[in-house]
There are 2 protein chains.
Amino acid sequence: MLLYALLHLTGYDLPLEEIRRFRQWGSMTPGHPEYGLAPGVETTTGPLAQGFGAGVGMAIAAHHLAATFNRPGHPLLDSFVYGLVTDGDLMEGLASESASIAGHLGLGRLIYLYDDNRISIDGSTELSFTEDRGARFEAYGWQVLHVKDGTDVEAIDAAIRSARSDPRPSLIICRTTIGYGAPNKQGTAKAHGEPLGEEELLAAKRNLGWPAEPRFHIPDDVLAFFRAAIANGASLESEWLENLAAYRLDNPELGRELERRLAGELPDGWEQHLPSFEPDQKGLATRAASGKVLDALAPVLPELIGGSADLTPSNNTRFAGATDFQKETPRGRYLRFGIREHAMGAALNGIAAFGALRPYGGTFLVFYDYMRPAIRIAAISRFMPIYVFTHDSIGLGEDGPTHQPVEHLAALRAVPNLVVIRPADANEAVQAWQIALARRDGPTALALTRQTVPILHGTRERRGVARGAYVLADFGEAEITLMASGSELNLVMEAARRLAEDGRGVRVVSFPSWELFEQQDSEYRRSVFSGPRDRRLAVEAGVGMGWERYAGDVISLERYGASAPYKTIFEKLGFTVEHVLERARKLLSA
Amino acid sequence: MLLYALLHLTGYDLPLEEIRRFRQWGSMTPGHPEYGLAPGVETTTGPLAQGFGAGVGMAIAAHHLAATFNRPGHPLLDSFVYGLVTDGDLMEGLASESASIAGHLGLGRLIYLYDDNRISIDGSTELSFTEDRGARFEAYGWQVLHVKDGTDVEAIDAAIRSARSDPRPSLIICRTTIGYGAPNKQGTAKAHGEPLGEEELLAAKRNLGWPAEPRFHIPDDVLAFFRAAIANGASLESEWLENLAAYRLDNPELGRELERRLAGELPDGWEQHLPSFEPDQKGLATRAASGKVLDALAPVLPELIGGSADLTPSNNTRFAGATDFQKETPRGRYLRFGIREHAMGAALNGIAAFGALRPYGGTFLVFYDYMRPAIRIAAISRFMPIYVFTHDSIGLGEDGPTHQPVEHLAALRAVPNLVVIRPADANEAVQAWQIALARRDGPTALALTRQTVPILHGTRERRGVARGAYVLADFGEAEITLMASGSELNLVMEAARRLAEDGRGVRVVSFPSWELFEQQDSEYRRSVFSGPRDRRLAVEAGVGMGWERYAGDVISLERYGASAPYKTIFEKLGFTVEHVLERARKLLSA
């Protein structure tokens with residue numbers, strides 16, 4: 001509500017009526033601010049520390065874009081990132097990870113005001129949060145400043161000036177009173193999450209010397225003071241536009257580039273640079289194919305910026321010729337997130353929200369669990385990060401069950417607005433990247449193999465990933481449909497060949513993405529499947545949950561994996577051509 | 001491998017053959033240690049910081065049990081918790097949350113040796129991890145000690161002595177060299193996760209003055225030195241058993257209690273204390289019913305220990321008469337986790353692993369995402385924490401989409417070994433707790449409503465939650481089956497009554513738990529559903545994924561919720577008796 005009130009006061013297009021409709025159906029003012037509803041809400045917050053982490057991503061973007069586009073005499077991009085952070089934010093591990101990265105990277109454009117009110121829902125922070133916050137942030141390499149009285153505007157102003165002139169990120173610890181001005185509830189947990197109530201509201205108004213009515217009262221002088229922001233902002237904007245015009249005169253190419261990127265448009269013909277692969281039984285791991293896509297696109301798409309949570313050599317995320325984004329090399333486009341998956345997820349949100357960049361981040365599929373809350377924020381906000389999740393099944397092998405995803409595809413597919421793509425081979429991996437980059441309405445998760453998988457005939461020509469599922473091959477008049485995603489497609493293809501040798505008609509469907517398939521019209525969807533539901537067999541090396549929507553029988557994995565060479569695991573857990581054949585024959589004879 | 005080697009050397013039942021079978025199918029030595037395979041592996045680790053967090057839980061258990069059971073002259077329980085932690089652990093937010101709690105609680109029994117080798121998979125920690133770790137831990141309230149040379153056994157010994165005598169948790173920072181002794185790979189990322197290779201292995205052996213063969217060589221003097229641990233351990237054990245005997249003589253009742261709890265057995269007749277509720281249209285929120293269960297059981301089950309991630313008043317997790325577990329009150333059984341869901345999840349694992357306690361923890365269902373990796377560890381390890389996830393749907397209301405679970409039930413149901421129960425009313429909530437507490441083979445998640453739900457006729461007598469799904473009511477000869485979990489059961493019950501008034505035969509199935517249902521025999525499972533799949537309608541206020549297994553049609557929520565009073569949201573998003581009726585009639589007329 002503080003944010004909504006400030007947006008209204010400073011003249012954003014958020015009428016008082018929307019403030020009155022706080023937390024009501026269809027309003028621009030949900031209980032926690034969501035990106036895309038009210039103007040001026042720059043990211044979605046509410047789940048604690050998500051804003052903290054997104055701010056770090058915004059600051060990465062600000063430093064990188066300034067270093068990339070500014071030219072001598074043209075300091076065009078020079079924004080700072082401000083945020084209010086709370087006790088709750090600081091307790092979350094996500095904030096710790098994010099603060100550590102921000103300190104390491106020396107993100108001086110990042111300035112957080114810490115609302116140090118020492119109250120959370122359970123009561124006093126003495127119950128659970130007694131660490132020395134300032135010392136902790138100093139240990140991360142932040143500048144820590146103190147404002148003893150959080151209502152002392154001049155002290156806050158001075159602190160912000162200090163923060164702006166220091167090369168480190170800054171935490172300004174402002175000692176405040178929660179519910180300040182509500183005489184009976186201030187300083188208590190009662191002022192945290194619930195409405196003050198009629199009586200206390202009136203008492204607060206009395207306390208301020210305000211009239212009881214109108215209920216939504218804005219003193220004229222207050223409004224006039226804040227609304228000066230409109231003229232002030234307009235003048236700053238026209239000054240910046242003049243600077244932009246001068247910049248474009250001196251740097252016409254860069255100017256066009258900046259304009260294109262701010263509009264979120266990809267350069268003409270970028271798709272022509274995508275690699276393609278010949279059928280090859282020996283094949284390629286899809287993570288390696290993904291790496292080749294990045295190598296090919298990095299020079300063409302300068303807006304591509306990404307990294308890995310300390311699995312760079314495994315995720316194949318570092319493109320050829322990349323420079324790390326570090327304190328001394330802010331033009332670098334490769335991010336060393338460290339072993340901080342959650343901070344990576346939140347930073348990708350901030351980079352995406354900032355604009356002019358297309359962020360991606362990698363880890364093992366199993367560890368996406370660590371960043372799940374940030375993926376949800378991306379999905380709600382329709383930000384467009386691309387997640388490079390490699391080692392996407394028991395095919396990971398020897399590291400064992402703690403590192404082998406089993407339930408992860410299902411859990412990702414459950415997330416609204418997220419598109420999950422599990423390509424079956426190198427060509428499908430290329431298409432997956434193409435789709436992810438072309439998306440304008442949400443995040444995309446790629447599930448990629450560690451192990452080598454054959455490059456199948458037809459995946460290059462049919463280019464069916466965009467439809468979610470497609471007919472890869474028909475052997476005769478289909479009596480049965482075998483479908484699979486990812487590395488298991490090769491298994492069903494082999495089984496189909498064997499069935500065909502026995503004179504059976506078989507269709508093979510490659511099914512890399514449920515979400516993309518659901519977006520197709522019903523005619524297409526019907527056309528993919530030949531025959532009734534109980535003549536369709538799906539194969540996936542993960543929990544089967546949800547495949548019942550498409551298939552009458554599912555070969556899946558309803559347990560954790562095992563530590564062994566991956567071929568042994570596939571064999572022992574039933575992901576073999578023989579097992580597919582056995583189940584297919586059973587369906588055919590039923 | 002270090003852990004396996006030490007277990008073998010010190011005489012645990014882990015033969016050299018199992019060391020040879022490292023990371024092979026069916027061995028006791030998976031790539032990362034899993035609880036329940038090799039003796040001496042006290043918790044599952046590998047996913048970074050999970051061990052760090054579990055250790056904090058173990059230390060909570062150690063302090064609590066010592067305070068609860070020790071008597072003057074009988075310091076029976078006095079164990080310390082030791083762990084090796086790494087750069088990777090310390091980078092994870094989970095470690096930060098856990099360290100902050102440990103410092104706040106003054107867990108002096110916790111001693112971590114930090115393997116400060118400054119190498120991670122990407123290379124030098126200079127790439128991403130340059131904070132002052134020692135200062136950070138001091139800020140959390142830890143004692144921080146330094147061992148300059150991590151191979152200096154006497155210095156480590158001295159540090160451990162200091163750690164044991166200090167009331168704070170201790171971090172002993174040991175400067176080490178990764179791959180120490182492998183002359184060409186030590187100190188580099190090459191020594192992190194991949195085998196050294198034949199050549200480097202031989203070079204390392206030469207370096208140590210060891211023979212090249214046998215490949216698995218243990219010098220006799222080394223083995224003799226380590227195996228002294230057997231006699232030493234036996235003598236310590238018999239000394240402890242003598243102490244136990246003396247303790248039992250002086251404290252017979254407590255002795256029996258300790259024995260019962262160490263065996264993991266619940267006291268006779270505990271179930272008689274469970275509340276039960278009369279049918280009542282006004283009803284009760286299932287979170288409130290859960291709170292009443294805790295109130296009733298807390299005096300009967302002294303092993304119940306739990307808390308909330310700063311949502312105590314919302315989760316109803318603090319039982320009547322509870323005392324907080326704090327530095328000065330270690331006998332307290334209520335844990336103030338702060339806003340640290342992930343640390344809560346990991347601590348619950350450690351408490352469960354320690355034994356003699358049954359831990360539970362609460363947060364909003366939407367925020368279980370923050371602790372998902374810890375739930376996975378519980379499920380793999382078959383630990384038995386109970387998760388109290390309240391505010392389990394759009395029924396949460398005004399806080400809006402960021403706080404409303406939609407995809408969460410699906411994502412939880414995908415986790416192997418986890419039992420998810422979403423009770424429909426107060427009586428089902430009681431049964432859910434009963435099942436969770438009686439479980440011996442894994443964790444249980446309870447999904448509970450914020451909003452009041454009617455207490456339905458039949459839920460008290462039929463007690464069907466244990467079977468996962470059961471027939472709550474039959475109206476005539478069933479032509480259609482309506483099924484639902486949680487708060488939506490009331491909707492389908494009302495719709496069934498209306499259909500019955502129209503003269504249709506309807507069955508109502510309450511479906512609180514898929515996992516429990518799948519454990520029933522096929523005869524029971526068939527008996528629950530009347531009629532074919534396309535005459536079954538499921539209703540759940542979340543994504544429908546997976547319901548296709550049971551129903552031909554699903555009323556679900558394939559989008560994020562909205563910020564509004566909950567009745568409005570239910571109505572606008574189609575969770576109304578009218579909509580259920582409409583869809584049921586369509587199925588009936590198809």
Side-chain angles (χ1 to χ4, degrees), chain A residues 23-25 30-32 46-48 88 91-94 96-97 100 103-104 120-122 127-132 135-136 139-141 310-312 336 338-340 342 369-370 372-373 380 398-403 407 410-411 414-416 543 545-546 548-549 559-560 562-564 568 572, chain B residues 23-25 30-32 46-48 88 91-94 96-97 100 103-104 120-122 127-132 135-136 139-141 310-312 336 338-340 342 369-370 372-373 380 398-403 407 410-411 414-416 543 545-546 548-549 559-560 562-564 568 572:
Chain A
R23 315 206 308 171
Q24 299 306 307
W25 181 267
H32 297 271
L48 287 167
M91 279 190 255
E92 290 284 1
L94 168 55
S96 303
E97 294 180 7
S100 180
H104 167 78
S120 66
I121 289 178
D122 268 20
L127 288 172
S128 63
F129 189 44
T130 51
E131 59 172 58
D132 183 340
R136 180 176 136 213
Y140 293 137
D310 196 54
L311 287 168
T312 297
R336 302 281 188 176
I339 302 155
R340 305 183 184 97
H342 205 170
D369 270 358
Y370 278 76
R372 191 167 165 85
I380 288 182
E398 288 87 343
D399 265 337
T402 58
H403 284 52
E407 69 275 29
V415 180
V543 298
M545 187 178 151
E548 295 93 348
R549 188 176 298 171
R559 50 160 281 181
Y560 292 103
S563 177
T568 307
K572 297 277 188 185
Chain B
R23 313 206 309 170
Q24 299 308 307
W25 182 267
H32 296 271
L48 287 167
M91 280 191 254
E92 289 285 2
L94 168 55
S96 303
E97 293 180 7
S100 179
H104 167 77
S120 66
I121 289 177
D122 268 21
L127 288 172
S128 62
F129 188 45
T130 51
E131 59 172 58
D132 183 339
R136 179 177 136 212
Y140 294 137
D310 196 54
L311 287 168
T312 298
R336 302 283 187 175
I339 301 155
R340 305 182 184 99
H342 205 170
D369 269 359
Y370 278 76
R372 190 167 165 86
I380 287 183
E398 287 88 343
D399 265 337
T402 59
H403 284 52
E407 68 275 31
V415 179
V543 299
M545 186 178 152
E548 296 93 347
R549 188 176 298 172
R559 50 159 282 181
Y560 294 103
S563 176
T568 307
K572 297 278 187 184

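Below, chain A is the first sequence line, B the second, and so on; all start at residue 1. Quick caveat, the model's predicted, so the values are computed rather than measured.
Between the T312(A) side chain and the D122(B) main chain, no donor and acceptor come within less than 3.5 Å of each other. Side chain of D310(B) to backbone of I121(A): a donor-acceptor contact under 3.5 angstrom is found. Proximity of a side-chain donor or acceptor of D369(A) to a complementary backbone N or O of P373(B) within less than 3.5 Å is not detected. The backbone N or O of G93(B) sits nowhere less than 3.5 Å from a side-chain atom of Y370(A) that would complete a donor-acceptor pair.
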- side-chain contact (heavy atoms from CB on, under 4.5 Å) between R136(A) and S96(B): does it pass, once the steps are laid out? CA-CA 10 Å; R136(A) 180 176 136 213; S96(B) 303; 5.7 Å; no
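Contact count against chain A (heavy-atom pairs under 4.5 Å) is highest for P416(B) among A135(B), P416(B), G546(B), S100(B). When each of P30(B), G141(B), G400(B) is checked for heavy-atom pairs under 4.5 Å with chain A, P30(B) comes out on top. Residue with the most contacts toward chain A among A562(B), P401(B), G46(B): P401(B) (heavy-atom pairs, distance under 4.5 Å). Ranking V543(B), T402(B), T130(B), L311(B) against chain A, the residue ahead of the rest is T402(B), based on heavy-atom pairs under 4.5 Å. Most heavy-atom pairs under 4.5 Å with chain A, from the set G103(B), P47(B), S120(B): that is P47(B).
One distance of note links CD of E398(B) with CZ of R23(A); it measures 5.0 Å at 0.5 Å rounding. A distance of 5.5 Å separates OH in Y560(A) from CD1 in I380(B), rounded to the nearest 0.5 Å. A distance of 12.0 Å separates CG in L94(A) from NE2 in H342(B), rounded to the nearest 0.5 Å. To the nearest 0.5 Å, atom NE2 of residue H104(A) and atom CE of residue M91(B) are 10.0 Å apart.
Side chains of M545(A) and R549(B) form a contact here, defined as non-hydrogen atoms less than 4.5 Å apart. Side-chain contact between E97(A) and E92(B) is present, with at least one heavy-atom pair separated by less than 4.5 Å.
For V415(B), the parts lying near chain A are the backbone and the side chain together; criterion is any non-hydrogen pair under 4.5 Å. Contacts of H32(A) with chain B are made by both backbone and side-chain atoms, with heavy-atom separations under 4.5 Å.
Here the closest non-hydrogen pair linking G338(A) and S128(B) is CA-OG, 3.4 Å. Of all heavy-atom pairs spanning G31(B) and S563(A), the tightest one is N-OG, 3.0 Å.
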